[in-house]
Amino acid sequence: MRVFSFTKADRILKHLDFVRISKKGKRLQDTYFTAVYSTGRLERTRLGITVTKKVGNAAVRNRIKRIIRECFRLEKQKIKGCWDINIIAKKAAEAAGTDQMFSSLQGIFKKIEGKFDN
RNA sequence: GGAGCAGACCAAACGAUCGCCAGGCCAUUAACCGUAUUACGGUUUUAGGCCGGGAGGAAAGUCCGAACACCGCAGGGCAAGGCGCUCCGUAAUACGGAGUCGCGGCAACGUGAAGGAAAGUGCAACAGAAAGGAAACCGCCCGGCACUCAAUUUCUGCGCAACUCUCUUGACGCGCUUAAAUAUCAGUUGGGCAGAAAUUGAGUGCCGGGUAAGGGUGAAACGGUGUGGUAAGAGCGCACCAGUUCUCCGGGUGACCGGGGAAGCUAUGUAAACCCCGCCUGGUGCAAGACCAAAUAGGGGAGCGCUUGAGGACGGCCCGUCCAAGCUCCCGGGUAGGUCGCUUGAGAUGCUGGGUAACCAGCAUCCCAGAUGAAUGAUCGUUAUCCGGUUUUGGGUAACUGAGACCGAACACAGAAUUCGGCUUAUUGUCUGCUCGGACC
RNA sequence: GGGCCGUUAGCUCAGCUAGGCAGAGCACCUGACUCUUAAUCAGAUGGUCCAAGGUUCGAUUCCUUGACGGCCCA
């Protein structure tokens with residue numbers, strides 16, 4: 001298994017999964033993103049992305065999603081434990097640059113990792 | 001070089017590393033099923049390798065038109081909605097091409113929902129006399145009546161001036177002032193004043209009639225200019241111009257254009273107001289629709305059972321104890337979820353031919369995204385483009401301009417969602433052709 | 001993806017059908033009443049009628065295009 005792969009098994013795609021995370025999960029925020037996370041059922045950490053129409057038009061939303069995926073792809077090996085994480089973009093993310101989003105997401109992932117007890 | 005008009009094209013390129021999506025081939029983990037059972041095949045699933053492919057000119061807005069799917073439908077009409085110069089193109093259109101006419105622009109050119117206002121109804125605020133098949137407020141003209149004014153003529157009275165006359169500078173005084181008398185108490189001419197009458201003219205008011213030339217209005221005022229004409233005027237007549245209807249000739253497939261004649265003087269604007277005429281339209285939309293199908297609840301059927309105990313709990317099983325009226329199976333609808341629809345098509349590219357063009361025909365070659373919490377990316381490097389600044393240098397008197405180096409910054413609008421054909425809107429840059437009036441040499 | 005509706009004063013809405021003056025309530029401001037405030041009464045201010053273009057003498061109103069906001073459909 002390649003180190004930096006990121007397939008559909010690493011992602012949250014079902015509507016029921018999103019509902020379960022938002023009901024049971026905990027929240028983290030900074031200026032660009034809100035993270036909702038809970039312990040995962042599977043043996044790997046999975047990522048879900050939510051970008052609403054408030055954030056921008058379709059091109060802007062696609063760009064934000066790609067940057068989030070790219071950051072998770074490079075960072076997920078460092079995250080201990082198995083989590084289901086939903087990243088929700090805020091309106092401020094429309095104007096943010098790639099470096100700003102990367103540092104913001106890295107901070108969020110480190111905070112989630114700190115919650116890992118076992 | 002400036003201002004502007006039209007058209008076409010592009011949507012930075014290459015490389016490295018790490019990745020994403022669907023497909024094909026290879027290959028692998030696990031589970032299940034089948035058979036001719038240490039094997040082979042199938043389905044689902046796990047990790048991976050190779051191959052070639054992977055956003056747009058607007059993918060956008062959803063403003064039109066279709067394909068396709070389901071529902072509805074004997075046929076016809078009404079209603080409702082849409083469209084509206086002509087011809088052509090097209091599967092079709094509210095689209096495109098070529099034209100006609102109107103409008104805008106010096107021009108290149110642009111632009112127009114451009115049928116009918118002499119079928120009918122409505123509306124036209126304010127202002128203005130009047131806002132629509134004309135009427136008549138002012139005005140102009142004619143006639144009558146009343147009043148006022150002016151001029152002329154005649155008559156009467158009273159002064160004045162000049163001349164003549166005279167015994168008297170015709171004064172003063174007295175008397176009279178009804179008539180008359182007294183008396184020298186004049187005469188002629190000129191002009192003035194007052195009164196009366198007549199005539200003429202003017203003005204004011206009222207009444208009756210004619211007229212629409214003119215009237216600080218208005219977006220728009222019932223053809224325009226000139227001339228004759230008339231009481232005053234008027235298409236009332238005439239000339240020219242503009243417009244309407246009818247008609248003839250010629251050109252054009254046609255919208256329409258050119259020329260001639262007649263009538264009649266006129267007919268406002270608005271139909272993106274109602275409306276009339278002609279033509280078109282069944283509805284809903286891939287979240288259409290077809291198929292597979294958990295869990296829970298409910299429906300139908302069959303079997304077993306209701307104290308002679310089905311079934312459940314305790315338990316590995318039997319016995320036993322307790323609870324107990326329902327339990328099991330099948331069927332169909334159908335939700336979550338999934339599969340199909342789903343990309344070979346009014347297809348793309350090239351050549352040839354037809355046509356002014358839109359477009360069409362023939363031949364050859366090619367297969368070119370199919371995702372569904374939704375795939376095309378991230379980082380780095382090099383080069384190119386554009387912008388700003390600094391600077392070197394060539395041309396030119398100058399305005400200006402060509403080439404190069406360095407630094408910085410920028411690289412737009414924007415992401416397929418059943419598929420096509422258009423329209424509209426957003427937006428970067430390049431090129432070509434054309435128009436206009438200037439400056440410099 | 002598809003369908004439907006709306007945008008008028010600081011706020012909530014009329015007016016648009018049938019074109020010509022832009023209005024109501026609340027709020028804000030001023031004055032009166034009151035010892036003061038509230039309530040009440042009187043008065044005044046306040047508008048690119050979402051934007052652009054067209055039809056018309058004239059557009060909030062009619063037409064076209066766009067922007068923004070909202071609702072519905074599995």
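Proteins get letters first, then strands, A, B, ... in listed order; numbering begins at 1 in each.
Per the geometry, CD belonging to Gln77(A) stands 13 Å off C1' belonging to G19(B), to the nearest Å. For Arg63(A) and A412(B), the CZ to P distance is 11 Å, given to the nearest whole Å. Between Glu70(A) atom CD and U376(B) atom P the separation is 10 Å, expressed in whole Å. Nucleotide C380(B) holds its C1' atom 14 Å from the CG atom of Leu74(A), rounded to whole Å. What separates CG of Leu16(A) from P of A294(B) is a distance of 18 Å, to the nearest Å. Distance Arg61(A) CZ to A374(B) P: 12 Å, rounded to the nearest Å. With rounding to whole Å, Lys8(A) atom NZ is found 15 Å from G19(B) atom C1'. The distance from atom CG of Leu13(A) to atom P of C20(B) is 14 Å, rounded to the nearest whole Å.
As rounded to the nearest Å, A324(B) and U339(B) have P atoms that lie 49 Å from one another. The C1' atoms of U121(B) and G133(B) are separated by 15 Å, rounded to the nearest whole Å. Taking atom P in both A287(B) and C5(C), one finds a spacing of 23 Å when rounded to whole Å. A310(B) sits 14 Å from C304(B) when the P atoms are compared, rounded to a whole Å. If you take atom C1' in G334(B) and the same atom in C318(B), they sit 46 Å apart, rounded to whole Å. Taking atom P on both nucleotides, U93(B) is separated from A417(B) by 27 Å, rounded to a whole Å. The separation of U64(C) from U424(B), taken at their P atoms, amounts to 16 Å, rounded to a whole angstrom. Taking atom C1' in both C68(C) and A27(C), one finds a spacing of 26 Å when rounded to whole Å.
Across all strands shown, the partner of A42(C) is U30(C), judged by Watson-Crick or G-U wobble contacts whose two distances both fall under 3.5 Å. The partner of U391(B), taking Watson-Crick or G-U wobble pairs whose two distances both stay under 3.5 Å, is G404(B). For G122(B), the paired base is U270(B) (Watson-Crick or G-U wobble, both distances below 3.5 Å). Using Watson-Crick or G-U wobble geometry with both donor-acceptor distances under 3.5 Å, U29(B) finds no partner in any strand shown. Using N1 to N3 plus N6-O4 or O6-N4 for Watson-Crick, or N1-O2 and O6-N3 for G-U wobble, each under 3.5 Å, C265(B) pairs with nothing. In this structure G208(B) sits in a base pair with C142(B), meeting the Watson-Crick or G-U test at under 3.5 Å. Remark: A197(B) base-pairs with U153(B); criterion is Watson-Crick or G-U wobble with both hydrogen-bond distances under 3.5 Å. Remark: C18(B) base-pairs with G377(B). Criterion, Watson-Crick or G-U wobble with two distances under 3.5 Å.
Proximity of Arg66(A) to the phosphate of U376(B): a side-chain N or O atom is located under 4.0 Å from OP1 or OP2. Side-chain N/O atoms of Asn57(A) include one lying less than 4.0 angstrom from OP1 or OP2 on G415(B). Here Lys14(A) reaches the OP1 or OP2 of G338(B): one of its side-chain N or O atoms lies under 4.0 Å away.
Side-chain atoms of Val60(A) and Asn57(A), non-hydrogen and from C-beta on, do get closer than 4.5 Å to each other. Put simply, the side chain of Ile21(A) does not reach to within 4.5 Å of the side chain of Tyr37(A), judged on heavy atoms. Looking at heavy atoms from C-beta onward, Val36(A) lies out of side-chain contact with Ile85(A) at the 4.5 angstrom threshold.
Where Phe102(A) and His15(A) each meet RNA chain B at their nearest nucleotide, the meeting point lying more 5' is that of His15(A). Projected onto RNA chain B by closest heavy-atom contact, Lys65(A) and Ala58(A) fall at different nucleotides, the more 5' of which corresponds to Lys65(A).
Classification of U419(B) as anti follows from a glycosidic angle more than 90° from 0. In G57(B) the base sits syn relative to the sugar, since the glycosidic angle is no further than 90° from 0. Taking the syn range as angles within 90° of 0, the glycosidic angle of C368(B) is syn. By the rule that a glycosidic angle within 90° of 0 means syn, A294(B) does not qualify and counts as anti. Applying the 90° criterion around 0 to the glycosidic angle, G326(B) comes out anti.
At the heavy-atom level, Arg69(A) lies under 4.0 Å from the strands shown only through sugar-phosphate atoms. Among the heavy atoms of the strands lying under 4.0 Å from Thr98(A) are primed sugar atoms or P, OP1, OP2 only; no base atom is included. When heavy atoms are screened at a 4.0 angstrom cut-off, Ile12(A) is found touching the sugar-phosphate backbone but no base atom.
Side chain of Asn62(A), nearest nucleotide from A378(B), A416(B), A375(B): A375(B).
You won't find any donor-acceptor pair under 3.5 Å spanning the side chain of Ser5(A) and the base of G19(B), going by distance alone.
Ring stacking holds between Phe18(A) and G373(B), with the centres under 5.5 Å apart and the planes within 30 degrees of each other.
Between Ile87(A) and the choices Thr50(A), Val51(A), Leu105(A), the side chain to side chain contact (heavy atoms under 4.5 Å, CB included) rule is met once, by Leu105(A).
Under the 4.0 Å criterion applied to side-chain N and carboxylate O atoms, Asp10(A) and Arg46(A) are not assigned as salt-bridge partners. Residues Glu113(A) and Lys110(A) are not paired through a salt bridge, judged by the lack of any N-O separation under 4.0 Å between the basic side chain and the carboxylate. Checked for salt-bridge contact, Lys14(A) and Asp17(A) miss the test: no charged N lies under 4.0 Å from a carboxylate O.
A donor atom on one side chain and an acceptor atom on the other are found under 3.5 Å apart for Asp30(A) and Ser104(A).
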